[in-house]
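Before any comments, here is the structure.
Chain identifiers are assigned alphabetically (A, B, ...) following the order of the sequence lines, protein sequences preceding nucleic acid strands; residue numbering begins at 1 within each chain. Note: hydrogens, waters and symmetry copies are ignored here, and every other heavy atom, side chains too, is used.
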There are 2 protein chains.
Amino acid sequence: MLSLFTAERSAWSAEDAAEQLDVSLSTAYRYFNSLVSCGLLDRIHRNHYVLGPAIIEHDWQIRMADPVLKIAKPVMIDLLRGSDGAATVLLCRLYRQRVMCIHQETNRLNDPISSYERGRPRPMLRGATSKIILAFLPTRTLTNLWRDHRDEIAATGLGATFEDFKATLKVLRRNGFCVSRGEVDAGRIGIAAPIFDGSDRIVGSLSVVLYSTETGDRSINRLAALVVAAAREIVWTIRTEPQAAVDSDTVVIAEQRRA
Amino acid sequence: MLSLFTAERSAWSAEDAAEQLDVSLSTAYRYFNSLVSCGLLDRIHRNHYVLGPAIIEHDWQIRMADPVLKIAKPVMIDLLRGSDGAATVLLCRLYRQRVMCIHQETNRLNDPISSYERGRPRPMLRGATSKIILAFLPTRTLTNLWRDHRDEIAATGLGATFEDFKATLKVLRRNGFCVSRGEVDAGRIGIAAPIFDGSDRIVGSLSVVLYSTETGDRSINRLAALVVAAAREIVWTIRTEPQAAVDSDTVVIAEQRRA
DNA sequence: GTATAATTCTCATGTAATGAGAATTATGGA
DNA sequence: TCCATAATTCTCATTACATGAGAATTATAC
């Protein structure tokens with residue numbers, strides 16, 4: 001039911017929801033009432049239901065206390081310090097065949113470098129942030145992607161055939177990081193490294209976005225190494241200390257490990 | 001189930017959840033699996049469940065497309081323009097006997113004036129943002145608040161007896177806005193006006209937070225009038241044009257009405 | 001490779017959801 | 001203030017699903 005609500009359609013009537021979900025009107029009202037009572041939806045006006053305050057509250061909770069973010073944030077802040085000029089560091093993840101930004105740190109608050117925003121779905125096939133994830137996806141998933149998006153894959157230059165596509169990704173995989181130029185936002189360079197879960201499955205990526213005009217090849221190489229190291233640190237910490245991430249001493253522990 | 005997850009306890013095991021919810025272990029796993037499959041929860045590690053990516057995504061959707069925010073944002077931006085010096089404009093709402101910030105606009109991105117953050121629960125009894133809401137709560141609700149928080153209410157100076165408490169709120173109500181100094185954040189002044197729903201029930205407030213040192217009495221009076229007018233505009237627009245708020249021309253309509 | 005904790009599955013029992021449509025309520029306009 | 005009407009809630013027979021207990025299976029870390 002919650003997935004009815006999107007940026008394209010932020011409000012629903014009970015009647016429209018009933019039709020969309022193929023349930024009766026009274027069932028739709030029941031669903032709405034149930035979700036309104038726990039705050040996930042809100043009724044702003046007669047027959048207008050929207051996403052509710054519990055979403056906002058839980059998002060704050062994630063920002064404040066999510067174990068993965070607790071680990072990743074200080075690492076991202078360090079990475080930002082290691083970047084010259086304007087930079088944004090992104091932590092993104094795979095979700096629903098899209099790449100979504102989970103957290104960012106930037107040194108340009110007043111003038112955003114990147115179109116990535118927390119929660120915003122981004123293209124799966126463009127940009128270092130996404131391509132480094134692609135590189136580590138299982139073949140089965142790539143097969144599905146190829147079947148559904150072959151024209152777009154070809155258009156991005158990732159490969160005109162499935163074999164080419166896989167070969168391109170294999171190179172990225174061997175490389176361990178990905179550099180892209182202007183694929184999502186013009187005049188930007190993205191450098192990204194993969195983030196894995198405890199079973200070595202790809203779950204996301206860590207990336208830095210910079211202005212092309214401020215970034216030479218020497219910087220790119222230096223930063224790529226920093227990004228890869230930072231991503232590894234995040235992975236390793238999550239893997240070995242998931243419980244510590246829940247505790248309020250996490251930042252201290254992470255700092256000690258880095259020293 | 002979702003309400004298990006708070007800033008204080010961001011991760012749960014199935015066993016702890018089962019105990020907390022007074023259900024069997026297999027039922028807890030079922031709940032977890034159901035919520036993980038729709039993205040509201042995530043499993044970050046063996047036996048570690050946290051809030052999931054759907055929350056982040058839906059929060060982005062709210063920020064992008066919520067009908068109330070679409071109406072309120074331009075009004076808040078205008079109000080910010082009418083503020084001298086450092087200022088933050090807050091849109092807050094009542095939720096679960098707390099006041100929660102829904103949106104803010106500030107001219108000090110690098111140096112936050114206010115401890116209010118989107119999604120963060122704030123005190124119900126301190127600060128203009130909350131007190132103007134209190135002023136318009138039904139007596140039944142005030143009675144409950146008095147019963148549960150009488151010492152704190154007295155400590156804030158709102159009233160040593162229930163009658164005093166109600167009298168204080170009546171003054172605020174008559175006033176139509178509230179000014180507070182340093183009640184939530186030291187060295188700050190807050191000026192707030194109420195936001196009502198379509199049936200004239202209090203649902204939130206619009207406020208401006210400023211540095212005390214930058215703000216004289218003349219400014220306060222001028223801004224109070226601006227805040228009250230802005231809040232009224234928001235209320236009126238939501239009430240008369242809820243459908244328009246969903247359409248992408250909302251901002252245009254709101255601008256035309258103000259001209 | 002293996003012990004063990006975590007997780008999934010099975011099944012009998014118990015509980016809740018659903019749709020259709022009547023009854024009630026809230027709202028906006030005259 | 002009144003009233004028509006859309007929105008919402010309620011009722012009830014029917015249908016479907018949830019639950020707990022505990023066995024079976026899987027994943028993980030050493």
(message) Using five base pairs at each end to define the local axes, how bent is the helix from C:dG1-D:dC30 to C:dA30-D:dT1, to the nearest 10°?
(response) 80°

(message) Could you tell me how far apart A:Y49 (OH) and D:dA6 (C1') are, to the nearest whole angstrom?
(response) 12 Å

(message) Check whether B:S205 reaches the backbone of B:T129 with its side chain - one donor and one acceptor, N or O, closer than 3.5 Å.
(response) yes

(request) Mind calculating the distance between CG (A:L21) and P (C:dT18) to the nearest angstrom? (result) 11 Å

(request) Quick one, give me the B/S/- string for nucleotides 24-30 of chain C, reading 5' to 3', where B means a protein heavy atom under 4.0 Å from the base and S means that only happens at the primed atoms, P, OP1 or OP2. (result) --BSS--

(request) For A:N47 and for A:R30, find the nucleotide of DNA chain D with the closest heavy atom, then tell me which residue's nucleotide is more 5'. (result) A:N47

(request) For the pair A:Y29 and A:Y49, name the ring-plane relationship: parallel under 30°, tilted 30 to 60°, perpendicular over 60°. (result) perpendicular

(request) Answer yes or no: is there a side-chain heavy-atom contact under 4.5 Å between A:V235 and A:R232? (result) no

(request) Mind calculating the distance between CH2 (B:W12) and C1' (C:dT7) to the nearest angstrom? (result) 19 Å

(message) What is the distance, to the nearest angstrom, from the OH atom on B:Y31 to the C1' atom on C:dT7?
(response) 17 Å

(message) Can you list everything that forms a salt bridge (charged side-chain N to carboxylate O under 4.0 Å, His left out) with B:R173? Sequence neighbours excluded, please.
(response) none

(message) Any side-chain to backbone donor/acceptor pair from B:R118 onto B:H103? Under 3.5 Å, distance only.
(response) no

(request) Return no unless some side-chain N or O of A:N33 is found under 4.0 Å from OP1 or OP2 of D:dT8. (result) no

(message) Within residues 22-29 of chain A, which residues have any heavy atom lying less than 4.0 Å from an atom of DNA chain C?
(response) A:V23, A:S24, A:S26, A:T27

(message) Please report the distance, rounded to the nearest Å, between CG in B:L35 and P in D:dA18.
(response) 13 Å

(message) Between A:T143 and A:T139 (side chain of the first, backbone of the second, donor and acceptor by atom type, cut-off under 3.5 Å), is there such a pair?
(response) yes

(request) Kindly write out the residues that satisfy ring pair (Phe, Tyr, Trp, His ring centres under 6.0 Å) with A:F196, not counting sequence neighbours, or none if the list is empty. (result) A:F136

(message) Restricting to side-chain hydrogen bond (donor to acceptor under 3.5 Å, both in side chains), what partner residues turn up for A:D16, sequence neighbours left out?
(response) A:R9, A:S13

(message) Less than 4.5 Å apart, side chain to side chain, heavy atoms only: is that true for B:L134 and B:L158?
(response) yes

(message) By the 4.0 Å heavy-atom rule, please label A:F32 as base, sugar-phosphate, or nothing.
(response) nothing

(message) I need the CD1-P distance between A:I238 and D:dA29, as an integer number of Å.
(response) 14 Å

(request) Taking the side chain as every heavy atom from C-beta outward, state whether B:L226 and B:I191 have any atom pair closer than 4.5 Å. (result) no

(request) To the nearest Å, give me how far apart CD1 (B:I44) and C1' (C:dT7) are. (result) 17 Å

(request) Search all heavy atoms of A:R239 against all heavy atoms of A:G198 and return the closest pair with its distance. (result) NE-CA, 3.8 Å

